[in-house]
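Structure, as structure tokens:
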Amino acid sequence: MRENEQAVPPEEADTGATSDNAEEHVSKFDEYLSTFVNIMIILVALATGYISYQMFNADYYEPALNGVIADLQRGQAEINAEGRARQNYNIFTYYTIYDTVARSYQSLDPEHGDDLPVTSIFLREVDTLADSVRFFFPGRYITADGDYNKERNVQELMAETAEKTDLNPDPYYAEFDELTEDNKGYLQVLLFFGLALAFYAFEEVLFWKRRSIRLFLTGVGTVVLIVGIVLLVTI
Amino acid sequence: MQGFMNWLTRQRWFSQDTYSSVVGLVIIYVAILTAFSAYQGGIIDIEWDRSNLEIQKKTIELTRTQTLGEFEADYAWAQAYRIWYEMDTYAYFAEDDNVRAAFEQARDRVTELSPLLQEPYFDPLAFFPEIEKYEVDLYIQDMAQQTLELKYLLEERNVLDEKSVIYFEVTEMMALVLILLGLSTTIISNQTIRLLILAFAIGMSGWQTIRFLEAYTMPFLETPSEAIQDYAEGVGLAHQLFYSDAIDTYSTAIDKAPDLTDAYVERGFAYRLLFNETGEMELLDQALPDFERAVTDGRREPRIIGQLSELYYLEGRFDEALTTSQLGIDETDDFIHYFDKGRNLFALGQVEEARASYQEGIDIAVNRYLSLKDQGQSPPVSFWRSFDYATVELDDLTNCLTNDVCDQTPPQDSLPSTDDILPTITEINTQLKNTTTSLEILQQPPGDPITATVDNIGFSITPESAMIAEGVFETGAESFSVDFDYEGFANDQIFSAKVFVDNRDYPPLRQIMRWQEGESGRYALPLALGNDTGNYTVQLYLDGQLIGQTSFYLDFAAYDYGDDSAPADEDTSNDGETETTDEVGDESTPDDETDDDTSSETESES
């Protein structure tokens with residue numbers, strides 16, 4: 001890289017920057033430094049390629065999409081289950097009212113004769129109504145207290161749907177969170193690598209005799225690169 | 001520039017020639033800026049995707065909250081309470097004690113089936129459950145909060161969008177600079193062009209640095225969580241008709257987040273609705289700046305612009321009202337703005353312009369309806385409400401001009417003379433009523449004017465004691481009908497009656513039938529008197545065209561629900577006695593709400 005610089009340019013006599021004869025030619029040290037920087041640049045380039053590949057693999061769109069689909073399906077299943085259970089509950093409401101009327105009337109006046117007033121005859125028929133309605137909702141959700149366990153009805157319907165459809169978006173959302181954090185981390189690493197590259201590039205364009213500055217730039221670049229590598233390892 | 005180059009050459013800092021060295025430095029700077037810009041762009045893109053996901057999740061959550069809440073509220077009201085009401089009525093009318101007891105037990109059983117029929121929503125002695133409070137606790141307040149949170153998420157995404165675009169552009173421009181600098185050191189040998197490229201690169205880098213910093217420092221909209229909670233609470237209070245409390249809560253929200261436009265909008269509506277209850281003009285003064293603020297903040301929905309225009313109109317500021325309605329037309333071209341414009345032009349005395357504006361609005365509405373119909377779709381409910389509201393405004397204006405009742409109109413002295421505008425107002429009002437009824441019932445615009453007439457509109461009520469003054473009735477009557485003479489009818493024509501309570505359409509009492517009563521005679525149209533106190537207007541239509549209307553006042557407070565006295569059996573007719581308004585207003589009329597405009601009032605139109 002620096003071979004063509006071994007011949008001191010004619011301008012240097014004017015600059016006074018090359019007055020020391022011991023530094024007329026590029027030293028071994030400068031060659032090593034240059035080689036080191038070049039190797040580091042290659043390493044940064046390779047690492048950047050690796051990170052790009054990792055970022056490509058850490059595609060978070062898919063879990064996001066799957067999560068939304070599962071979320072939508074869960075919402076739809078919940079609404080369907082709630083709607084069906086609500087319909088059952090509506091019919092149960094009629095059932096329990098008819099049943100209450102019939103039972104309470106029977107308990108109040110079990111020995112009513114045939115000369116019942118019209119409304120009373122209707123009440124006697126209500127018992128039959130209760131029995132008829134009984135066929136239109138699932139009886140397994142009636143509790144010992146005579147209530148209807150709608151929540152259980154909803155949960156079982158949801159569970160039934162979950163047998164066939166994915167209703168759990170949480171793992172997808174968790175994966176999305178993880179991958180987006182990884183991607184942010186990779187971006188930070190790329191930034192550090194980019195800065196390291198800039199320091200190395202700056203070192204490369206400096207005149208070979210500006211040794212202390214070149215050393216400083218190489219050092220800073222290497223520190224920044226190491227920080228980037230540490231970050232990469234922690235992802 | 002050349003001097004700088006010479007200085008650099010003398011210093012001998014770089015290994016290459018001076019130009020290449022400076023280019024190298026610029027390239028390094030550009031590369032750093034590009035790296036930062038790409039990094040920020042990448043981070044923002046990730047945040048944008050995250051924000052987008054949050055928006056989708058919030059939308060799903062909102063839909064779920066609304067749907068499940070409506071399920072629950074519908075059951076509570078239309079099923080549980082309805083059956084409670086049914087059982088209670090059966091028990092009340094039961095002749096046998098045992099039967100009554102059975103129904104009472106069934107009624108009490110229903111109260112166990114829904115929280116609506118339990119404390120704190122229901123006191124059986126009060127008869128009506130507090131459905132609004134139940135809805136608020138169930139989902140209305142949550143929905144209001146989630147809706148506003150969703151808006152903020154959308155705003156946040158917009159900011160991310162802006163930032164992302166800037167970072168993208170900076171990166172692109174820097175790439176262009178890199179290409180130019182690369183060309184200048186390899187292919188281009190002309191010194192002047194190279195210097196120009198270098199100058200361009202340095203200038204562009206500086207400009208893009210400024211843009212980068214602008215994007216970097218661009219603030220995100222902070223979600224004012226506490227203010228949003230207050231706002232949602234205000235929505236809940238307003239839903240329960242507690243407008244004063246709602247106004248206070250919205251004000252608290254505004255104190256915490258002065259840019260919360262939604263709070264201004266809803267506070268404005270709360271002031272407006274409180275004005276409807278109290279008639280205090282200063283409430284309009286307070287509502288006005290809220291709507292002005294909303295419009296200034298870019299809220300241009302028809303309901304907001306329409307409300308602002310109406311407030312100017314009510315305050316007699318007709319020029320501003322007209323400008324605002326024109327703004328509405330420019331923004332959305334919604335037919336309601338043409339009606340608003342027509343109303344404002346009437347107030348300015350520009351009758352022909354008003355007529356033209358109403359006509360244009362009607363044409364737009366009819367075309368919209370027919371276009372939707374062709375596509376197998378229907379307009380939203382607000383379509384009909386907008387028509388109804390336009391007719392109510394003209395009814396109010398007519399009432400002000402003819403009866404000096406100007407509660408919902410501009411100050412009377414600010415209006416033009418009655419003779420100048422009233423005939424056209426009546427004509428337009430009838431046209432509006434005919435159009436909406438014809439579209440809704442016959443699914444087509446009104447046809448040729450019909451010749452059928454109705455006359456001598458009156459009322460029959462049983463028992464007689466349910467009539468507590470002329471045109472003022474109490475609920476709980478056994479039967480009630482609107483009676484009228486008719487002529488020129490033909491069998492199979494569509495006869496319909498629309499009922500409005502306090503100027504709002506009241507669908508439960510709406511009647512529609514194919515006429516089978518012959519050409520002429522007297523007809524009694526039965527109406528079920530519900531429990532809603534208010535001023536009732538009954539409009540009679542034949543083939544979608546208005547042929548007559550009448551009004552009465554229904555007073556729930558006057559009805560003694562626990563009265564066991566047997567109702568009278570005979571009908572009491574007061575046919576033709578509802579023309580006079582002066583008789584209303586004695587001690588048996590409802591309190592302050594019953595003034596001249598709530599009295600019985602009959603008109604026939606052909």
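Predicted model only: the values in this text are computed from it and were never measured. Residue numbering restarts at 1 for every chain, and letters A, B, ... go by the order of the sequence lines.
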Please state whether the side chain, the backbone, both or neither of A/Leu72 comes within less than 4.5 Å of a heavy atom of chain B. both

In terms of heavy-atom pairs under 4.5 Å with chain A, which of B/Ile46, B/Thr34, B/Ile27, B/Ile43 leads? B/Ile46

Interface moiety of A/Phe193 toward chain B, non-hydrogen atoms closer than 4.5 Å: neither

When the 4.5 angstrom heavy-atom criterion is applied to B/Leu113 and chain A, the contacting part is both

Do B/Glu61 and B/Arg64 sit within salt-bridge range, that is, some charged N less than 4.0 Å from a carboxylate O? no

Contact winner vs chain B - A/Gly83, A/Gly194, A/Pro169, heavy-atom pairs under 4.5 Å: A/Gly83

Pair B/Arg157 + B/Asp161, salt bridge at N-O below 4.0 Å: no

B/Arg50 portion near chain A, given a 4.5 angstrom heavy-atom threshold: both

Under 4.5 Å heavy-atom distance to chain B, tell me which part of A/Tyr61 shows up: side chain, backbone, both or neither. side chain

Drop me the distance from A/Tyr186's OH to A/Lys184's NZ, to the nearest 0.5 angstrom. 15.0 Å

If one checks every heavy atom of A/Leu190 against chain B at 4.5 Å, the contacting part turns out to be neither

Please classify the contact of A/Gln188 with chain B as side chain, backbone, both or neither, using a heavy-atom distance under 4.5 Å. both

SB check B/Arg109 A/Asp147 (cutoff 4.0 Å): yes

Do B/Phe36 and B/Tyr216 come close enough that some side-chain heavy atom pair is under 4.5 Å? no

Do the side chains of B/Glu72 and A/Arg86 get close enough for a salt bridge, i.e. N-O under 4.0 angstrom? yes

Does B/Lys57 make a cation-pi contact with A/Tyr173, if we ask for NZ or CZ under 6.0 Å from the ring centre and within 45° of the axis? yes

